[in-house]
Protein chains: 2
Amino acid sequence: MDLRITGGFAPPGHNHRRCIVDAMDRAAQVCAARGARLTPQRRRVLELIWSSHKPVGAYGLIEQLSESGQQVAPPTVYRALDFLLANGLVHRIERLNAFVGCPEVEQDHAPQFLICGDCGDVAELREQSVEAAIAAGARSAGFVGWRASVEVVGVCPECAGGISP
Amino acid sequence: MDLRITGGFAPPGHNHRRCIVDAMDRAAQVCAARGARLTPQRRRVLELIWSSHKPVGAYGLIEQLSESGQQVAPPTVYRALDFLLANGLVHRIERLNAFVGCPEVEQDHAPQFLICGDCGDVAELREQSVEAAIAAGARSAGFVGWRASVEVVGVCPECAGGISP
DNA sequence: TCCAATACGTTATAGTATAACAAATAGTGT
DNA sequence: ACACTATTTGTTATACTATAACGTATTGGA
Ligand SMILES: [Zn+2]
Ligand SMILES: [Zn+2]
Ligand SMILES: [Zn+2]
Ligand SMILES: [Zn+2]
């Protein structure tokens with residue numbers, strides 16, 4: 001267990017508590033290194049996003065934040081999300097208007113997301129060949145200075161292999 | 001001019017009237033072939049989407065439809081869009097919540113979109129190598145039954161080569 | 001301590017999308 | 001032509017997503 005999750009889906013039996021702890025550690029480290037302030041608010045939002053491997057919407061976060069204590073308004077959570085996105089701690093899934101934690105926060109990247117339409121889990125891939133193929137297509141069209149988002153909807157191994165043959 | 005536009009950006013001097021006419025012809029043909037009803041409403045929405053190579057939002061369409069005559073409510077245009085999407089006559093750009101006409105309506109496909117962040121024009125690409133690379137990544141993750149959306153934001157050749165060096 | 005920058009709170013509003021139900025219209029068979 | 005059925009369209013209300021604008025509080029450094 002406790003396998004590295006980048007490159008595939010988190011195994012069903014994995015120690016997710018560890019995912020969270022590691023993510024928060026990496027976040028603290030990265031923010032300290034670049035002088036970014038990981039305030040309690042931002043920390044709390046990042047924890048909530050990492051509560052699973054499923055993308056979370058902004059209003060889902062607002063709801064969860066508002067449970068324990070005072071009401072939280074949209075700008076608060078959107079500002080936290082802006083910070084986390086700007087520092088590469090979370091990614092935005094465009095087609096879902098939702099956010100997932102990034103397991104590789106060291107350098108900036110534009111990964112491919114595998115989204116299970118069944119359970120909702122998301123895996124982050126970084127296939128060099130995908131970026132290379134896109135680069136070739138972009139070059140042939142004279143397209144420059146680009147950044148690609150790749151979102152793949154399908155069925156994860158767990159949902160596929162489980163019940164239905 | 002009058003070059004085929006699939007595979008790259010429409011040239012600046014091209015006869016866009018021809019783009020529209022061709023698109024409407026293809027739509028009529030496809031719908032007739034499969035017994036789908038291209039009603040005046042749907043036809044009008046498709047024409048508006050093809051009025052340029054820039055994606056159009058649903059509420060932009062509502063505004064344009066409401067100009068000439070009676071008020072049009074959201075469900076009307078969303079239903080037309082559902083029809084056009086279901087029949088592959090338009091594509092949805094997820095990151096823009098907007099829609100573009102499809103220049104290759106014959107068979108179902110999941111293309112790559114090049115989106116100029118400067119002028120807003122969109123080019124539809126169908127690089128086999130991109131799909132192959134994604135397929136390889138998906139296979140290695142045990143991901144099945146998938147469909148990918150690839151959206152690339154950058155600068156089109158016209159905006160890149162024109163004024164600024 | 002004072003200052004400037006950053007972060008947070010609050011209210012209102014913009015933008016995107018769908019639910020639910022009624023009315024009209026188009027195809028189908030008699 | 002007629003009734004019947006399915007599809008399309010109209011209408012109202014509402015849900016969901018995101019940002020503008022402005023004021024207050026906190027932070028970190030001169
Ligand atoms: Zn986990
Ligand atoms: Zn990442
Ligand atoms: Zn054109
Ligand atoms: Zn297409």
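Protein chains get the first letters and strands the later ones, always in sequence-line order, with residue 1 at the start of each. This structure is a prediction, so every number in the text was calculated from the model and none was measured.
Between B:R126 and B:E124, no side-chain nitrogen of the basic residue sits less than 4.0 Å from a carboxylate oxygen of the acidic one, so the salt-bridge criterion is not met. Contact check on A:R147 versus A:D108 returns a salt bridge, with a Lys/Arg side-chain nitrogen under 4.0 Å from an Asp/Glu carboxylate oxygen.
Between B:L81 atom CG and D:dT9 atom P there is a gap of 12 Å when expressed in whole angstrom units. The CG-P distance, from B:L38 to D:dT8, rounds to 11 Å in whole Å. A straight line from CD1 of A:I62 to P of D:dA15 spans 16 Å, rounded to a whole angstrom. Atom-to-atom, CZ of B:R43 to P of D:dT8 comes out at 17 Å; the value is rounded to the nearest Å. Here the P atom of nucleotide D:dC16 and the OH atom of B:Y59 are 14 Å apart, to the nearest Å. Taking atom CG of residue B:L65 and atom P of nucleotide D:dG10, one finds them 10 Å apart after rounding to whole Å.
Here the CZ-CG distance, from A:R26 to A:L89, works out to 9.0 Å after rounding to the nearest 0.5 Å. Atom CG in A:L85 sits 5.5 Å away from atom CZ in A:F99 (nearest 0.5 Å). Here the OG1-CZ distance, from B:T39 to B:F83, works out to 7.0 Å after rounding to the nearest 0.5 Å. The structure places CG of B:L114 at 11.5 Å from CG of B:D121, a figure rounded to the nearest 0.5 Å. Interatomic distance, CD of B:Q64 versus CG of B:L48, reported as 5.0 Å (0.5 Å rounding). Separating the CG atom in A:D22 from the CH2 atom in A:W50 is a distance of 8.5 Å, to the nearest 0.5 Å.
The aromatic ring centres of A:F113 and A:H91 sit less than 6.0 Å apart.
No side-chain heavy atom of B:C116 sits under 4.5 Å from any side-chain heavy atom of B:K54.
In this pair, B:H14 and B:H53 present their aromatic rings tilted. The plane angle is within the 30 to 60° band.
Of the residues in residues 71-80 of chain A, A:A73, A:P75, A:T76, A:R79 come within less than 4.0 Å of DNA chain C through at least one heavy atom, sorted by number. Contacts between residues 83-96 of chain B and DNA chain C, counted as heavy-atom distances below 4.0 Å, involve B:R92.
Once you apply a 4.0 Å limit to the heavy atoms of chain B, the touched nucleotides of DNA chain C run 5' to 3' over C:dT16 to C:dA26.
Each of B:G60 and A:R37 lies near DNA chain C, and the nucleotide nearest A:R37 is the one positioned closer to the 5' end.
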